[in-house]
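The structure appears below as structure tokens.
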Amino acid sequence: MPELPEVETIRRTLEPRVTGKRIERVDVRCRDLRWPIDEHFEQGLMGRTIRSLARRAKYLLLWLDDDRVWVVHFGMSGRLLFHESETAAGDKHDHVVVFLDSGASLVFNDPRRFGSMSLREPDDASLFEGVGPEPLDATRFNGAYLFAHGRRTKRSLKDVLMDQRVVAGLGNIYVNEALFVAGVRPRRALRRLTRSDCDRLAESVRAIISEAIEHRGSTISDFLDGIGRRGGYQWRRRVYDRAGEPCSVCATEIKAVVVGQRSSFYCPQCQR
DNA sequence: GTAAACCTGGCA
DNA sequence: TGCCAGGTTTAC
């Protein structure tokens, strides 16, 4: 579920609520996420104060006062919910509960268990080795970068933009949306784009990601931010999950195709 | 490259 | 009952 805008939205809602709070107790009810939670995880968090929250790609990073980092990935259905006071009964998919000294708690809930979390040692950057640039970093992610990448691959635009090694944080919703704004079809090969096409594509990615963050992410079915609110971008969707509906620009019927095992949506008139 | 794997829930 | 889902990894 959460792509970059959703994770950023979670970060922004949690930051003012958990920064400076001390972790008093950690209750891991299910260690069996995408990868098993390390046996020393609870001990490592206990007694630590949360210094700040950051995000890289689709990962939420909670920096602790001993310079270690609690890293959370949300997979398809993960949530991290802040509860002001002692939480009620608890959902059967509440896998990790972290109690703060303020009396509040953070609950990681994930029905599908594709999410993951770990405690990383100070300065351990291994998790992000090979992860591409942030799309909003125009100095590293831009038309020149995409064009250069196109010289050495035959892959489709959809495949390339979904690849976290090429650019970090994009997923199925926002790749589809960005391709619409750029006016190119998902199956087009990157190598067939001109340099100015690439400029336009990089700019479209940035525009869509910025707009999605502004609207606090997309709630197509599940997504909730750190305090249980739904996102707003789903109302602004151009093509994602809109097969059969009219294009907002030209009224042509939106088409669905499968590219790289994932559903893709585009307007046959606006995208070429 | 392509498919299958990991899991649960919702919908036709 | 079968298919689909915002993600990522691993195996042919």
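By convention in this document, chain letters (A, B, ...) are assigned in the order of the sequence lines, proteins followed by strands, and residues within each chain are numbered from 1. Note that this is a predicted model, so its numbers are computed, not measured.
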| task | Indicate, with a heavy-atom threshold strictly under 4.0 Å, whether A/Thr219 touches base, sugar-phosphate, or nothing. | result | base
| said: Please confirm whether the shortest side-chain N or O distance from A/Ser263 to OP1 or OP2 of C/dA5 is below 4.0 Å. | reply: yes
| query | Rounding to a whole Å, what distance do you find between A/Met76:CE and B/dG10:P? | reply | 15 Å
| message | Just N and O in the side chain of A/Lys92: are any of them under 4.0 Å from OP1 or OP2 of B/dC7? | response | no
| field | Earlier contact from the 5' end, DNA chain C, for A/Glu3 and A/Trp35 | value | A/Glu3
| message | Taking 4.0 Å as the cut-off, does a side-chain nitrogen or oxygen of A/Tyr174 come that near to OP1 or OP2 on C/dG6? | response | no
| query | Do the side chain of A/Asp159 and the main chain of A/Arg155 share a donor and acceptor less than 3.5 angstrom apart? | reply | no
| query | Within 45° of the axis and under 6.0 Å from the centre of the six-membered ring of A/Tyr59, does NZ or CZ of A/Arg55 qualify? | reply | no
| Are any of A/Arg262's side-chain N or O atoms less than 4.0 Å away from OP1 or OP2 of C/dG6? | yes
| query | Looking for any heavy atom pair under 4.0 Å, which part of the strands does A/Tyr240 touch: base, sugar-phosphate only, or nothing? | reply | sugar-phosphate
| field | A/His93 side-chain N/O to B/dC7 phosphate OP1/OP2 under 4.0 Å | value | no
| How long is the span from the CG atom in A/Leu146 to the CG atom in A/Leu161, to the nearest 0.5 Å? | 6.5 Å
| field | d(CG, A/Asp110; C1', B/dC7) in whole Å | value | 9 Å
| field | Length of the line joining A/Tyr59:OH and C/dT9:C1', which is rounded to integer Å | value | 11 Å
| request: Please figure out whether A/Arg34 or A/Ile220 has its closest DNA chain C nucleotide nearer the 5' end. | output: A/Ile220
| Can A/Arg34 be said to sit on top of A/Phe114's aromatic six-ring, NZ or CZ under 6.0 Å from centre and within 45° of the ring axis? | no
| request: Could you say whether the aromatic ring of A/Phe114 and the base of B/dC6 stack, counting only centre distances under 5.5 Å and plane angles under 30°? | output: yes
| Gap between atoms CD and C1', on A/Gln261 and C/dC4 respectively (whole Å) | 14 Å
| field | Nearest-Å distance once atom C1' is located in both B/dG9 and C/dT9 | value | 23 Å
| Whole-Å gap separating C1' (C/dT9) and CG (A/Asp163) | 13 Å
| said: Can you measure A/Gln164 atom CD to C/dG6 atom P for me and round it to whole angstrom units? | reply: 14 Å
| request: May I ask you to evaluate whether A/His73 reaches the phosphate of C/dG7, defined as a side-chain N or O under 4.0 Å from OP1 or OP2? | output: no
| said: Is it the case that the side chains of A/Thr219 and A/Tyr233 hold a donor-acceptor pair, with the cut-off being a distance below 3.5 Å and no angle test? | reply: no
| said: Please report the distance, rounded to the nearest Å, between CG in A/Asn176 and P in C/dG7. | reply: 10 Å
| request: Sort and list the pairs that fulfil side chain to side chain donor-acceptor pair (under 3.5 Å) and have at least one residue in residues 243-253 of chain A, not counting sequence neighbours. | output: A/Arg242-A/Glu245
| Any luck finding a side-chain donor-acceptor pair between A/Arg187 and A/Ser264 under 3.5 Å? | no
| message | Nearest whole Å is fine: how far is B/dA5 C1' from A/Arg112 CZ? | response | 12 Å
| request: For B/dA3 and C/dC3, measure between their P atoms and round to the nearest Å. | output: 15 Å
| remark: For DNA chain C, the dot-bracket notation using Watson-Crick and G-U wobble pairs below 3.5 Å, [ ] for pseudoknot-type crossings and | for other-strand pairs, is |||||.||||||
| message | Holding to side chain to side chain contact (heavy atoms under 4.5 Å, CB included), I want the full list of residues that pass it with A/Ala207, two or more places apart in sequence or in another chain. | response | none
| Residue A/Arg155, side-chain heavy atoms: nucleotide from B/dG1, B/dC7, C/dA5 that is nearest | B/dG1
| OP1, OP2 of C/dT8 versus side-chain N and O of A/Lys58: anything below 4.0 Å? | yes
